[in-house]
Amino acid sequence: LWRMRCTNPLRRSHARRDLSLLEAKALVVIAADLARRLTAIVRQLLLTYQQMHDKQIPLEQNLRLSNYLERFRSHFRSRMNPRRSGVLAYNSPEKLDELALTLLQKLLFCTGTAGMQRLWISLFDGEVE
Amino acid sequence: MTTIQRKYSLPNCMLVLEGLSDRPNDSQSLDGRPVLTILTYVECQLIQAKQTLTGGRDFFESLVTAVSGYAQEFLSHVTHPEAHNKESGLVQLQKIDRDRHRLIVQPESHKEPVENHTEGTTQEVELTTVQLFDLVEAIDQFFADTQTLPDLTLQLAPVSRRYVRSGQQLVKQAVPATVGASGLALAAIAFFLIPIPEAVRRPTEPTSPSAQSSNIANAPPITDPVQLVQLQQKLTDQLRPAWKPNVALGQDLVYRVGVAADGAIKGYVATNDVANGQVQQTPLPRLLSQPVASSATTPESLAQFQVTFTPKGEVQVQPWEGK
């Protein structure tokens with residue numbers, strides 16, 4: 001399971017193989033299940049973010065939120081290959097924070113009753129005839 | 001015929017459906033909830049946005065389709081045609097920015113070509129992403145509820161390639177990019193059958209679980225104190241031997257129980273969700289006396305009690321204090 005991560009072509013350690021459908025599905029199930037366990041935290045982070053954003057307070061002033069963003073940035077930088085164009089698009093801390101928050105919002109949708117189905121089906125949007 | 005009400009409640013959104021059942025009582029499911037098949041009224045309260053949307057079946061179908069489609073668009077960033085159905089849909093959703101979404105509702109009489117401004121105007125509600133999620137989740141809980149409008153089910157399908165705007169970035173679609181050919185993707189959808197998660201929360205039932213029990217609040221009360229004491233004893237004697245300890249329960253189950261002058265249990269209402277869900281564990285459904293056909297015309301006087309079943313196997317019967 002752990003090695004499946006390396007099928008991501010944006011990673012530094014990229015194994016040249018495609019994710020099989022079954023593997024992709026397994027990852028979706030795991031992601032949705034983990035997301036559901038973290039529902040309260042995900043929700044709280046997003047509510048905090050919304051409040052601070054509305055009042056235009058810098059996000060660093062919230063300890064929990066800045067911890068999350070900081071960890072996200074460092075994980076992303078240490079694991080993703082900066083020479084890939086897909087990674088190059090996130091070359092500033094602001095853009096990485098934006099990605100981190102977008103992904104957090106998506107994660108919230110995975111926590112729902114039909115979150116797993118929604119995430120899986122969404123992966124094929126625009127890919128079928 | 002009793003009006004059935006179903007409520008799906010989340011911090012920022014409360015969806016209330018009212019309707020009737022056109023199925024005979026014997027098709028009731030194990031949990032005793034009748035199937036709501038005819039939708040008469042829908043209310044969608046967006047609590048933080050302080051707006052309430054109401055309508056009938058057309059509005060509701062349009063709402064669930066548009067919201068469900070928009071949720072998919074939110075996840076994939078691929079424009080979903082169902083979220084922006086201007087011609088036939090009453091409800092549309094638009095993205096304002098990453099954190100704000102606009103819900104637009106046309107009045108239901110919109111289709112009729114009448115130039116009359118009093119018949120309702122277009123409503124617009126701005127939602128944050130968390131508020132949007134609560135709306136999606138209320139709708140998904142409705143879809144997962146097989147006892148409410150079983151003809152409406154969650155229909156998820158990937159957006160076809162022809163809806164993808166030219167120039168729209170698909171780099172973010174990491175999985176399909178590596179999975180490759182769209183033929184394969186189709187096969188994937190065919191074999192995709194993740195069961196509905198077990199942790200589906202049951203909606204709260206604000207009205208009583210059965211038709212008989214809905215009448216107990218309206219019945220004329222028995223007020224004679226001597227009779228009340230006798231009935232309290234009678235009810236206790238009926239329930240106590242029938243209730244077995246059930247440690248797995250973890251908490252008390254409390255019901256409001258209506259008893260006729262002869263001591264027969266005429267109805268009961270759970271006082272909270274847990275009690276409603278666990279009602280089959282209690283002796284109440286078995287002891288409920290079936291109404292005689294004629295009794296429907298003249299409401300019978302009832303004495304009301306608060307009955308508490310504890311996990312340790314105790315039954316407490318007290319006069320209902322009322323709320």
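Quick note on labels: first sequence line is chain A, next is B, and so on, each numbered from 1. All values below come from the heavy atoms of this structure, side chains included, with hydrogens, waters and symmetry mates left out.
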Query raised in the report: Do side-chain atoms of A/Arg118 reach the backbone of B/Ser68 as a donor and acceptor pair under 3.5 angstrom?
Result: yes
Query raised in the report: Is it the case that B/Ser76 and A/Asp125 place a side-chain donor and acceptor less than 3.5 Å from each other?
Result: yes
Requested in this report: Could you tell me the separation between the CZ atom of A/Arg43 and the CZ atom of B/Phe133, rounded to the nearest 0.5 Å?
Outcome: 6.5 Å
Query - Derivation of the side chain to side chain contact (heavy atoms under 4.5 Å, CB included) call for A/Phe124 and B/Val159 - result: CA-CA 7 Å; A/Phe124 298 94; B/Val159 176; over 6 Å; no
Report summary line: Turns out that what part of B/Val130 lies under 4.5 Å from chain A's heavy atoms comes down to both
Query raised in the report: Roughly how far, to the nearest 0.5 Å, is the NE2 atom of B/His77 from the OG atom of A/Ser122?
Result: 9.5 Å
Query - Structural part of A/Gln50 lying under 4.5 Å from a heavy atom of chain B - result: side chain
Report task. State whether the number of non-hydrogen atoms from other residues, nucleotides or ligands found under 6.0 Å of A/Arg5 atom CZ is greater than 12. Result -> yes
Query raised in the report: Short question: side chain of B/Glu137, backbone of A/Thr113 - any donor-acceptor pair under 3.5 Å?
Result: yes
Report summary line: Rounded to the nearest 0.5 Å, the CD1 atom of A/Ile121 sits from the CG atom of B/Leu75 at a distance of 11.5 Å
Report task. For chain B, find which of A/Leu108, A/Leu46, A/Leu119 contributes the most heavy-atom pairs closer than 4.5 angstrom. Result -> A/Leu108
Query raised in the report: Can you tell me how far OG1 of B/Thr129 sits from CD of A/Gln105, rounded to the nearest 0.5 angstrom?
Result: 4.0 Å
Report task. Nearest 0.5 Å please: distance from the NE2 atom of A/His53 over to the CG atom of B/Asp97. Result -> 6.0 Å
Query raised in the report: Above 12 or not: heavy atoms from other molecules or residues under 6.0 Å from CZ of A/Arg64?
Result: no
**Report entry** Under 4.5 Å from any heavy atom of chain B - which part of A/Asp33
**Finding:** neither
Report summary line: Shortest non-hydrogen pair, B/Leu154 vs A/Ala114, comes out as CD2-CB, 3.4 Å
Report task. Please examine the side chains of A/Leu101 and B/Arg98, heavy atoms only from C-beta on, and report whether any two atoms are closer than 4.5 Å. Result -> yes
Query raised in the report: What part of A/Leu27 lies closer than 4.5 angstrom to a heavy atom of chain B: side chain, backbone, both or neither?
Result: neither
Requested in this report: Given side chain to side chain contact (heavy atoms under 4.5 Å, CB included), test A/Tyr49 with B/Asp99 step by step and report yes or no.
Outcome: CA-CA 10 Å; A/Tyr49 159 72; B/Asp99 315 305; 2.8 Å; yes
